[in-house]
Amino acid sequence: QVQVVESGGGLVQPGGSLRLSCATTGFTSKHYAIGWFRQAPGKEREGVSCIGSSDGRVVSADSVKGRFTISGDNEKNAWYLQLNNLKPEDTAVYFCAADRSALASCSLRGTLYDTWGQGTQVTVSS
């Protein structure tokens, strides 16, 4: 069964850190793109960061550059999003998604991704 499962969300104070994890299962190819997206209440989904599993190419949204870092291990089917210097405006449900198409490439366009996790809540509050 093809799945993407996130974990690692929680409540953290402003300036704190979290690491989100994303595990992929059932993928038949090692070539795909992983994207992290977030959606805050009343707002549209936003692309946060992505990485290509084969070339390691990374793209990040301007709002998180210098604070969030995406990484992963293609052999272990494990992907991560390190969130540092968190701000209250980072509060959202964070989703991991995979683009498993043959031409998959790192992109912050959510419509390109075909497999989504259930999401993990990140709350930044004092």
Side-chain angles (χ1 to χ4, degrees):
Q1 183 179 4
V2 174
Q3 272 191 315
V4 170
V5 180
E6 311 96 333
S7 60
L11 172 64
V12 63
Q13 293 185 344
S17 298
L18 282 174
R19 189 174 84 154
L20 306 183
S21 298
C22 175
T24 62
T25 59
F27 286 27
T28 57
S29 170
K30 287 294 186 180
H31 175 73
Y32 51 90
I34 288 291
W36 284 97
F37 298 83
R38 67 185 181 185
Q39 188 164 22
K43 294 188 176 181
E44 293 187 356
R45 183 179 64 197
E46 174 189 17
V48 175
S49 190
C50 62
I51 186 169
S53 69
S54 300
D55 59 12
R57 176 174 173 263
V58 170
V59 176
S60 295
D62 288 343
S63 59
V64 305
K65 283 180 180 177
R67 301 189 299 123
F68 293 6
T69 303
I70 191 170
S71 64
D73 187 328
N74 200 3
E75 293 305 314
K76 295 182 178 179
N77 303 318
W79 306 93
Y80 309 99
L81 186 67
Q82 178 68 39
L83 289 63
N84 294 331
N85 190 21
L86 281 160
K87 304 175 181 180
E89 52 264 42
D90 294 319
T91 296
V93 177
Y94 283 70
F95 298 90
C96 179
D99 172 5
R100 299 178 297 126
S101 63
L103 298 179
S105 180
C106 175
S107 169
L108 296 183
R109 288 175 55 196
T111 53
L112 296 177
Y113 291 78
D114 53 86
T115 306
W116 289 78
Q118 78 288 353
T120 185
Q121 177 71 45
V122 171
T123 302
V124 185
S125 175
S126 55

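With sequence neighbours left out, Gln82 forms a side-chain hydrogen bond (donor to acceptor under 3.5 Å, both in side chains) with Asn84. Not counting sequence neighbours, Lys30 has no partner by the salt bridge (Lys or Arg N to Asp or Glu O under 4.0 Å) test. For Asn85, the side-chain hydrogen bond (donor to acceptor under 3.5 Å, both in side chains) test picks out no residue, with sequence neighbours left out. Residues passing the side-chain hydrogen bond (donor to acceptor under 3.5 Å, both in side chains) test with Glu46, sequence neighbours excluded: Arg38, Ser63. Every salt bridge (Lys or Arg N to Asp or Glu O under 4.0 Å) that Arg67 has, sequence neighbours left out, goes to Asp90. Residues passing the side-chain hydrogen bond (donor to acceptor under 3.5 Å, both in side chains) test with Ser53: none are found, sequence neighbours excluded.
Residue pairs meeting the ring-ring contact (aromatic ring centres under 6.0 Å, His included) criterion with at least one member in residues 39-65: none, sequence neighbours excluded. For residues 47-60, the set of pairs meeting the salt bridge (Lys or Arg N to Asp or Glu O under 4.0 Å) definition, not counting sequence neighbours, is empty. Residue pairs meeting the ring-ring contact (aromatic ring centres under 6.0 Å, His included) criterion with at least one partner in residues 90-126, sequence neighbours excluded, are Phe37-Tyr113, Phe37-Trp116. The salt bridge (Lys or Arg N to Asp or Glu O under 4.0 Å) analysis of residues 72-82, with sequence neighbours excluded, yields no pairs.
Atom CH2 in Trp79 sits 11.5 Å away from atom OG in Ser49 (nearest 0.5 Å). Here Cys50 contributes atom SG and Ile34 contributes atom CD1; the two are 10.0 Å apart, rounded to the nearest 0.5 Å. Interatomic distance, Leu81 CG to Thr120 OG1, rounded to the nearest 0.5 Å: 11.0 Å. Atom CZ of Arg45 and atom OG1 of Thr111 lie 7.5 Å apart (nearest 0.5 Å).
Between the side chain of Glu6 and the main chain of Gly119, a donor-acceptor pair closer than 3.5 Å is present.
Inspection of the Thr123 and Gln121 side chains reveals an N or O donor paired with an N or O acceptor under 3.5 Å.
The minimum heavy-atom distance linking Ala92 with Ala40 is given by the pair CB-N, 3.8 Å.
Looking at heavy atoms from C-beta onward, Thr91 lies out of side-chain contact with Ser125 at the 4.5 angstrom threshold.
The hydrophobic clustering, which links ILVMFWY residues whose side-chain heavy atoms are closer than 4.5 Å, places Val122 and Val4 together. Both Val124 and Val48 are members of a single hydrophobic cluster when ILVMFWY side chains are connected at heavy-atom separations under 4.5 Å. Taken together through direct or relayed side-chain contacts under 4.5 Å among Ile, Leu, Val, Met, Phe, Trp and Tyr, Val58 and Phe68 form part of one hydrophobic cluster. Transitive grouping of hydrophobic side chains (ILVMFWY, heavy atoms separated by less than 4.5 Å) brings Val12 and Leu83 into a common cluster.
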Counting only pairs under 3.5 Å, give me each side-chain donor-acceptor contact of residues 101-109, with atom names and distances, residues two or more places apart or in other chains.
unit_1 : atom_1 : unit_2 : atom_2 : d
Ser101 : OG     : Asp99  : OD1    : 2.8
Ser101 : OG     : Ala104 : N      : 3.4
Ser107 : OG     : Arg109 : N      : 3.1

N/O donor to acceptor pairs below 3.5 angstrom from side-chain atoms of residues 19-29, sequence neighbours left out:
unit_1 : atom_1 : unit_2 : atom_2 : d
Thr24  : OG1    : Tyr32  : OH     : 3.3
Ser29  : OG     : His31  : N      : 2.9

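Counting heavy atoms of neighbouring residues, nucleotides and ligands inside a 6.0 Å radius, atom CD of Glu44 does not exceed 12 of them.
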Stepwise, does the side-chain contact (heavy atoms from CB on, under 4.5 Å) test hold for Tyr80 with Ile70?
-> CA-CA 6 Å; Tyr80 309 99; Ile70 191 170; over 6 Å; no

